[in-house]
Amino acid sequence: MSELVNTINGIIWSPALVYLCLGVGLYFSLRTRFLQLRHLREMIKLMFQGKGNEAGVSSFQALSMTLAGRVGTGNIAGVATAITFGGPGALFWMWMVAFLGASSAFVESTLGQIYKEKLDGEYRGGPAFYIEKGLGMKWYAWTFAIATVFACGVLLPGVQANSIGAGLQTAFDISPNVTAAILALLLGFIIFGGVKRIANFAGMVVPFMALAYIIVACVIIALNITALPGVILLIWKSAFGLDAGFGAILGLAVMWGVKRGVYSNEAAQGTGPHASSAAAVSHPAKQGLVQAFSVYIDTLFVCSATGFMLLITGLYNVQGPEGAALFTGIAGVAAGPGYVQTAMETMMPGFGSYFVALALFFFAFTTIVAYYYIAETNIAYLTRSIKVPGLKTVLKLALMGATVYGTVKTADLAWGMGDIGVGLMAWLNIGAILLLQKPALVALRDYEAQQAQGVDPVFHPEKLGIKNADYWIDNRAEINLMREKQGHEFEPDQRSA
């Protein structure tokens, strides 16, 4: 099984995908004139604007749902793995893919909003929807939907669950079998409760856990602040092959930094648009900008906290291409959450290991919940035209089973299966957003033009020449009511006028 998984991974995660992720991010950064810098203040302001309604959630809840997917084991175990196989320079390439990927996240999430639908009283959207409605390629949309159901329902949950099991076993000596049973019960309670319960759960847990983790990591960095300049220099030199010790693994630094960066922040992967489409907003670009900022929160804040903590304490290992030890700072500990637990325990005896285990539990558990929501949205897309009774129940049971399986299996196998899922979605989604970039870029220009006029931007796809954005035309009264509740003027129905 491991050999098969590694072979498939070698094909999917070829250098082509690594450089495609960077290249697409750079391309969209140029096309949007680096909106990730120009609209930084606007991103922060929009996070706390707007309210949910019966069909959708607020911008902040949508952000929390997206962060539930982005902030997971990749922020702890993923960073440790990237440093192990790519050296300290991998952290720089994680930053780079996050900075450039913020523009990709804007494009895909804006497209998700433009082409969203209202199904069974809830907003639904994502790559499958915008591929079908924007490109008119139903076979492509179905391919993405099926691949995503398989990836998020079967392949990816095991990575998160495996890290939870490893963390709890290290800190509390809890058997992975016991952890698997607990996770299955908790998951059942949340995912059988519907989208609103998922949004409320994410909105409560995600901001608290991310902030607490960053604060504790910053305390450790502050206690070793004199070592920080040397660590930053080490990251920079290693990223470009200028460090004598890690110069031989320059290519691996890029590959592992991008690979784990994409896994962690999910920019251009196609997962983010699902939650962002559930937001009740008056213009698609609003949620696109919020989702661009979520990439920063994930990588520039949470991943950086983990990376600095490991490098400052020196509690990490680096392996060469053939497994040769290039640096050994924590002998006898496998790459993963054990690095971070040891680093925190060294600085905060009697507290650090337990804290990381709990943080990892909440990070990874909310990510599994987010995976369910993504898979369910694609089930909803598939069953619009073909009704299959009980399919969502099968998905819930499959995801719970994959979680149990991943908890008790080896970390290498779990990560390998997860990488396959991420790579499949990335290949399919990147192709789609490159072909369908125009509506997102037009929406950005329209948003900026209305902003310049001093009005709250409202989206009229018919005026912009964007076709098949049916929700925005058919539900004008609903959008007006939402805006009125938020204190904006009621806008006349353009069709009636």
Side-chain angles (χ1 to χ4, degrees), residues 36 40-50 57-80 91 94-95 98-99 102 105 160 163-164 167-168 171 190 198-225 228 261 264-267 272 275-276 279 289-310 312-313 337 340-341 343-345 347-348 351-370:
Q36 60 265 60
L40 188 58
R41 181 181 298 179
E42 182 75 0
M43 294 175 190
I44 297 171
K45 184 180 77 172
L46 287 171
M47 278 195 300
F48 303 102
Q49 283 188 354
V57 299
S58 69
S59 289
F60 185 76
Q61 285 180 313
L63 172 69
S64 296
M65 289 170 67
T66 308
L67 282 174
R70 297 194 200 278
V71 180
T73 189
N75 298 82
I76 297 178
V79 175
L91 189 59
M94 291 185 78
W95 295 337
F99 173 71
Q160 309 295 330
S163 292
I164 293 175
L168 293 179
I190 298 296
I198 292 172
N200 291 333
F201 175 73
M204 288 188 297
V205 174
V206 173
F208 168 77
M209 70 181 187
L211 185 61
Y213 183 78
I214 291 170
I215 289 173
V216 172
C218 286
V219 169
I220 291 178
I221 294 169
L223 292 173
N224 298 269
I225 195 67
L228 187 58
S264 177
N265 63 52
E266 301 182 355
S276 64
L289 290 171
V290 169
Q291 295 304 323
F293 189 73
S294 73
V295 175
Y296 286 169
I297 295 174
D298 173 89
T299 305
L300 300 186
F301 295 163
V302 186
C303 285
S304 294
T306 300
F308 280 137
M309 190 165 54
L310 293 177
I312 278 178
T313 58
V340 188
Q341 286 180 296
M344 264 201 188
E345 186 65 23
M347 299 305 301
M348 298 180 173
F351 168 77
S353 181
Y354 300 140
F355 177 78
V356 173
L358 291 175
L360 191 57
F361 176 85
F362 285 115
F363 282 170
F365 183 74
T366 52
T367 299
I368 297 172
V369 173

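The first residue of the sequence shown is numbered 1, and numbering continues consecutively from there. The figures here come from the full heavy-atom set of this structure, side chains too, leaving out hydrogens, waters and symmetry mates.
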Measuring from atom [atom1] of [X] to atom [atom2] of [Y], what distance do you get when rounded to the nearest 0.5 angstrom?
X	Y	atom1	atom2	answer
Trp95	Leu300	CH2	CG	8.5 Å
Leu360	Asn75	CG	CG	10.0 Å
Leu310	Ile76	CG	CD1	10.0 Å
Gln341	Phe355	CD	CZ	11.5 Å
Ser304	Met309	OG	CE	11.5 Å
Phe363	Ile164	CZ	CD1	11.5 Å

Between Gln36 and Phe99, is there a donor-acceptor pair closer than 3.5 Å when you use the side chain of the first and the backbone of the second? yes
[X] and [Y]: which non-hydrogen atoms are nearest, and at how many Å?
X	Y	value
Ala105	Ala292	CB-CA, 4.3 Å
Met43	Val290	O-CG2, 4.3 Å
Gln291	Ser276	CG-CB, 3.5 Å
Thr313	Ala343	OG1-CB, 3.6 Å
Glu345	Gly352	OE1-N, 3.4 Å

Give a yes or no on whether the ring-centroid distance for Tyr213 and Phe362 is below 6.0 angstrom. no
Partner of Leu223 by side-chain contact (heavy atoms from CB on, under 4.5 Å), out of Ile225, Ile221, Val219: Val219
Parallel, tilted or perpendicular: rings of Phe301 and Phe293 (30°, 60°): perpendicular
